[in-house]
Every structure is written in structure tokens, then in C-alpha cells.
Amino acid sequence: MIRYKIAGLNVAIDNGLIKLNKELAEFETQEEISPDIFIKLEVSESVPEIKTEALVHNMVNLIYDVGSYYFITYYRPKFLTGLMLSKEKHTATIYVDMDKYADIDTENVVLSKNRDDISGPQELLYAIEVSFYFYAGLYGRIPVHSASIIYRDKAWLFAASSGTGKSTHVDMWRKMGYDFTDFNGDVAMIYDAGNAIMASSLPWCGTSQIYMNKTVELGGIFFLKRGTSDLTRCLNDVDGALGIISRSFLPNWDRELLSRTVMIATRLADRTKLYELYCTQTVEAAKVVKEEIDGGMEL
Amino acid sequence: MKLVSSFLPAQIGNRYFLLPVGQATVEGRNMLELNETGYDIMMCLLEDCSLDTLVDKISQKYEALGNEKETIYMLVSEYVTKLLDMNYLIMKD
């Protein structure tokens with residue numbers, strides 16, 4: 001069993017003999033404390049028989065609510081036969097096809113940018129990611145789909161759906177030569193630590209390869225929209241909460257899970273600087289954002 | 001009739017919404033913003049409820065009397081018909 005510390009949570013993964021991806025290795029810890037989240041791989045010929053109707057069926061999988069747990073099955077699985085997420089214990093069980101077990105090696109695998117198009121070893125990494133997000137929500141954490149940077153000692157998230165230009169915006173900061181550090185290329189987790197709202201970079205980062213094992217105070221979130229000019233607008237708490245909900249990777253398979261996301265997002269939005277950013281894909285956008293941040297910090 | 005399980009009425013701050021859940025998000029259904037009465041109706045429809053019961057609940061909440069209750073019946077009836085047409089509600093046997 002390997003222990004990890006991710007976004008302040010203790011995660012234990014019983015991965016058998018399968019090599020997990022190298023990004024996870026950076027989050028390993030030797031602390032022997034009881035895990036907040038336990039993920040285990042079960043090599044098995046059979047998975048629990050599901051007799052209920054699926055809550056969700058999308059391009060990749062079917063999601064069932066089976067009372068004491070959720071169960072996910074995959075349409076065209078190469079390695080995985082299912083994922084069980086217990087509602088009673090913070091324990092996920094990933095069922096691995098016994099015949100293909102020996103072929104799984106995820107060490108150098110990069111998660112696909114399109115989560116609707118995963119295959120092969122990515123299935124395992126995706127199942128671990130889904131399990132982590134599922135239970136992290138119970139600890140008041142929200143993974144926000146964003147490219148993020150550290151600037152003036154705080155994390156700034158540029159949130160948007162895929163293809164809007166999150167990474168391009170960060171590239172504009174690079175082009176301008178601004179003094180910042182890359183935080184995560186695809187997702188950052190935000191949470192209330194009592195005296196401050198914090199942001200954690202995660203081992204998952206899409207195809208960007210941009211991640212670090214670090215948690216810093218959250219500066220704010222910019223919700224990107226493509227525009228013909230560059231301007232920022234402060235969002236009120238309600239629009240900010242809606243922005244966080246829409247960019248959250250927390251599961252929303254049923255009302256109970258979505259209610260939880262709404263509650264956490266509302267609480268976080270109340271104490272976070274949130275902006276709408278209409279932007280072009282030029283350096284002007286980076287200038288406008290930097291001015292907004294600098295102006296706010298000098299007040 | 002009942003609100004389909006793939007939508008959640010939610011109050012965020014002083015505003016009200018009908019948020020898509022699970023399968024509705026996969027199907028690209030959008031969030032709706034509601035007024036307070038719309039939210040009250042949606043909250044009643046989380047459980048199976050006849051039009052008469054729904055009108056009673058809303059009339060009670062807004063302390064409607066006499067003719068006002070008839071007006072509420074007409075308006076709520078029109079509202080739920082639209083919701084049924086747009087597949088936000090299902091009829092139960």
C-alpha cells in the first residue's frame with residue numbers, strides 16, 4: 001500500500017503490483033496516519049451484479065446507484081471491469097480484469113485531455129482520479145477545471161471548459177515575461193482551511209504535464225470567455241458560485257451529490273475573489289488580468 | 001406528477017435555480033433561473049403531487065383566500081402544463 005498526501009488529504013492506494021503514474025509518486029508520503037480516502041485494486045473475474053437502472057449513461061460508462069454504493073461500468077474496457085464507490089466508508093474498489101492484470105503499466109501514461117475518450121491504462125488513472133474527487137467532496141474540496149499559476153505568492157485559476165483558451169492565456173503571461181510559476185495545467189482543488197481559502201495543485205493535469213505538489217492561498221478565479229476585447233468584471237457571490245459549480249469536477253450523478261457541490265461552492269464563493277474575463281488570445285489579456293490582480297493586492 | 005430526478009431546485013444566495021443533474025448534463029440540458037414561486041412549486045414537486053395538492057400548498061404558503069385561490073389554480077395549472085411539455089415533470093400512475 002502506498003500513501004499519498006493530496007490537497008491536504010491522506011490517500012492510501014493498495015495498487016497490488018501495478019505501477020502507478022509518475023505524477024502520483026511526487027505526492028507520496030511516509031506519514032503512517034489513517035487514510036481519509038482508501039482506494040484498492042481488486043483483481044477479479046467477476047464484479048457485483050447490478051440489477052438497478054443506470055443513473056447516467058454517457059460515452060464512456062454507466063453509473064448506478066446501488067444503495068450503499070455507486071458502481072461504474074465501462075463500455076469498452078481494456079483493463080477495468082468496474083469501480084465501486086462506497087457511500088458508507090471512504091473506500092473505492094477498482095475491479096481489474098484478471099487476464100489483463102499483468103499488462104497494466106501506467107507509469108508513463110498521460111491522461112487524455114478528453115475525459116470522454118479514455119482507453120487502456122488511462123482507465124485505471126481515471127478511476128483513481130474519479131475516486132479521489134468523489135471522496136474529496138466529502139471534505140469540502142472542489143476540483144476546478146482550470147489552468148493555474150502562482151503569482152505574488154497566491155494561486156490564480158483561469159477556469160473554462162476545454163478549448164476556451166486556459167493554457168493559451170497562461171502562455172500569454174509567459175510571453176510577457178511576467179514573474180509567475182505554473183501551478184497546474186488542468187485542475188486545481190480549492191477548499192476552506194479556516195483562516196484562508198487554499199488551492200492545491202494535483203497529480204492530475206490533463207496532457208499538460210504541468211503540476212506540482214504544493215498548496216498555497218487562493219488569490220482568485222477568473223472564468224474565461226472568448227471576447228473581441230479584453231476586460232474583467234467582478235462576479236457577485238451567486239454568479240461566482242454558479243461559475244464554480246459549472247467548472248467543478250465533483251460528481252453530479254444525483255441530487256444528493258449536486259446539493260453537496262452547491263453547498264461547498266456557495267461557501268467558497270463567499271470568501272473568494274471571482275471574476276469573469278472576456279479575453280482575446282493575445283498578450284493584452286494577460287496585461288489586463290495582471291493589472292486587475294496587482295490593483296486588488298495594492299488596495 | 002413529479003419533477004424528473006435529473007433536475008435539482010436550488011437556492012443560491014437570494015436567487016433560485018433549477019440545475020441539471022447527472023443524465024441531464026450529459027444530454028446538454030441547461031440550468032434555469034426561477035422566481036421564488038417557481039422554486040416553491042419545484043420544491044413541492046420533488047414528491048409526487050396532484051395539481052389540487054400543489055395548488056393547496058402554494059395557496060397556503062401565500063395565504064390566498066377565496067378568488068385568489070382560483071387565480072393560483074389557473075396560473076399553477078398553466079405553469080405545470082409548460083413544465084410537462086418541456087419534460088421537466090413526469091406523470092405518475
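By convention in this document, chain letters (A, B, ...) are assigned in the order of the sequence lines, proteins followed by strands, and residues within each chain are numbered from 1.
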Would you please name every residue forming a ring-ring contact (aromatic ring centres under 6.0 Å, His included) with A/Phe132, sequence neighbours left out?
A/Trp204

Is any side-chain heavy atom of A/Tyr133 less than 4.5 Å from a side-chain heavy atom of A/Leu202?
yes

Whatever's closer than 4.5 Å to a heavy atom in chain B on A/Leu258 counts as both

Whether A/Arg255 side chain and B/Phe7 backbone form a donor-acceptor pair below 3.5 Å
yes

Under a 4.5 Å heavy-atom cut-off, does chain B meet the side chain of A/Asp237, its backbone, both or neither?
neither

So which part of A/Ile245 gets closer than 4.5 Å to some heavy atom of chain B, the side chain, the backbone, both or neither?
side chain

Does NZ in A/Lys89 sit with more than 12 non-hydrogen atoms of other residues, nucleotides or ligands closer than 6.0 Å?
no

Which bit of A/Asn236 is near chain B, if near means a heavy-atom gap under 4.5 Å: side chain, backbone, both or neither?
side chain

Return the OG1 to CG distance between A/Thr93 and A/Leu83, rounded to the nearest 0.5 Å.
8.0 Å

Hey, are the side chains of A/Leu277 and A/His169 touching, using non-hydrogen atoms and a 4.5 Å cut-off?
yes

Hey, is the main chain of A/Thr91 close enough, under 3.5 Å, to the side chain of A/Ser86 for a donor-acceptor pair?
no

Once ring-ring contact (aromatic ring centres under 6.0 Å, His included) is applied, do any residues pair with A/Tyr135, and if so which ones, sequence neighbours excluded?
A/His90

Is A/Ser246 in contact with chain B via its backbone, its side chain, both, or neither, using a 4.5 Å heavy-atom distance?
neither

Would you check if the side chain of A/Thr272 reaches a backbone N or O of A/Leu268 as a donor-acceptor pair within less than 3.5 Å?
yes

Counting only N and O atoms by type, is there a donor-acceptor contact under 3.5 Å from the side chain of A/Lys166 to the main-chain atoms of A/Ala147?
no

A/Lys273 side chain vs A/Gly219 backbone, donor-acceptor pair below 3.5 Å
no

So which part of A/Leu242 gets closer than 4.5 Å to some heavy atom of chain B, the side chain, the backbone, both or neither?
side chain

Looking at A/Asp36 and A/Leu9, would you say the former's side chain and the latter's main chain have a donor-acceptor pair under 3.5 Å?
no

Could you tell me which residues in residues 71-82 of chain B have at least one non-hydrogen atom under 4.5 Å from a non-hydrogen atom of chain A, sorted by residue number?
none

Quick one: which residues of residues 13-46 of chain B reach chain A at under 4.5 angstrom, heavy atoms only?
B/Gly13, B/Asn14, B/Arg15, B/Phe17, B/Leu19, B/Pro20, B/Val21, B/Gly22, B/Gln23, B/Thr25, B/Val26, B/Met31, B/Leu46

Which atoms of A/Val238 approach chain B - backbone, side chain, both or neither, heavy atom under 4.5 Å
both

What class does the angle between the rings of A/Trp156 and A/Phe222 fall in, given that below 30° is parallel, 30 to 60° is tilted and above 60° is perpendicular?
tilted

